[in-house]
Amino acid sequence: MNNNRSSIQFGDNVVIGAGSVVTKDIPDWSIAAGNPCKVIRKITEEDRKYYYKDRKFDEEAWSHIKELGLGGE
């Protein structure tokens, strides 16, 4: 994240709830929502395995995503 304090910064791979009013920086790998917007929790390794609701990537695809450096920290 950029340390420039003149504007609000969004970290990498964040999820912001619809209609949220963001007034502060949002850190990497976070889920945030509300008015004012607050970080609800961090996105975990378990969360990263899901691509839609309860649908998981298969293990081969997940391994490939991680090899490409797209699977998070």
How long is the gap from CH2 on W29 to CD on E45, to the nearest 0.5 Å?
->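 Rounded to the nearest 0.5 Å, the CH2-CD separation comes to 8.5 Å.
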
Give, for atom OG1 of T23 and atom NZ of K38, the distance between the pair rounded to the nearest 0.5 Å.
->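 If I round to the nearest 0.5 Å, the distance is 9.0 Å.
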
Minimum side-chain heavy-atom gap [X]-[Y] below 4.5 Å:
{"X": "V21", "Y": "P36", "value": "no"}
{"X": "V14", "Y": "I31", "value": "no"}
{"X": "S30", "Y": "V39", "value": "yes"}

Mind checking side chain to side chain contact (heavy atoms under 4.5 Å, CB included) for E46 and listing every partner two or more places apart, or none if nothing turns up?
->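 For E46 the side chain to side chain contact (heavy atoms under 4.5 Å, CB included) partners, ignoring immediate neighbours, are T44, K49, Y50, K56.
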
For the residue pair I43 and N13, what are the closest heavy atoms and their distance?
->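 Closest approach of I43 to N13: CD1-O, 3.5 Å.
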
Minimum-distance pair of heavy atoms, taken over all atoms of G34 and S20 =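 Result for this residue pair: N-OG, 3.0 Å.
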
Kindly say whether Q9 contributes a backbone atom to a donor-acceptor pair with the side chain of D25 at under 3.5 angstrom?
->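 Yes: the side chain of D25 pairs with the backbone of Q9.
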
D28 (side chain) donor-acceptor with D12 (main chain) under 3.5 angstrom |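 Yes; judged by distance alone, with no hydrogens or angles, the pair exists.
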
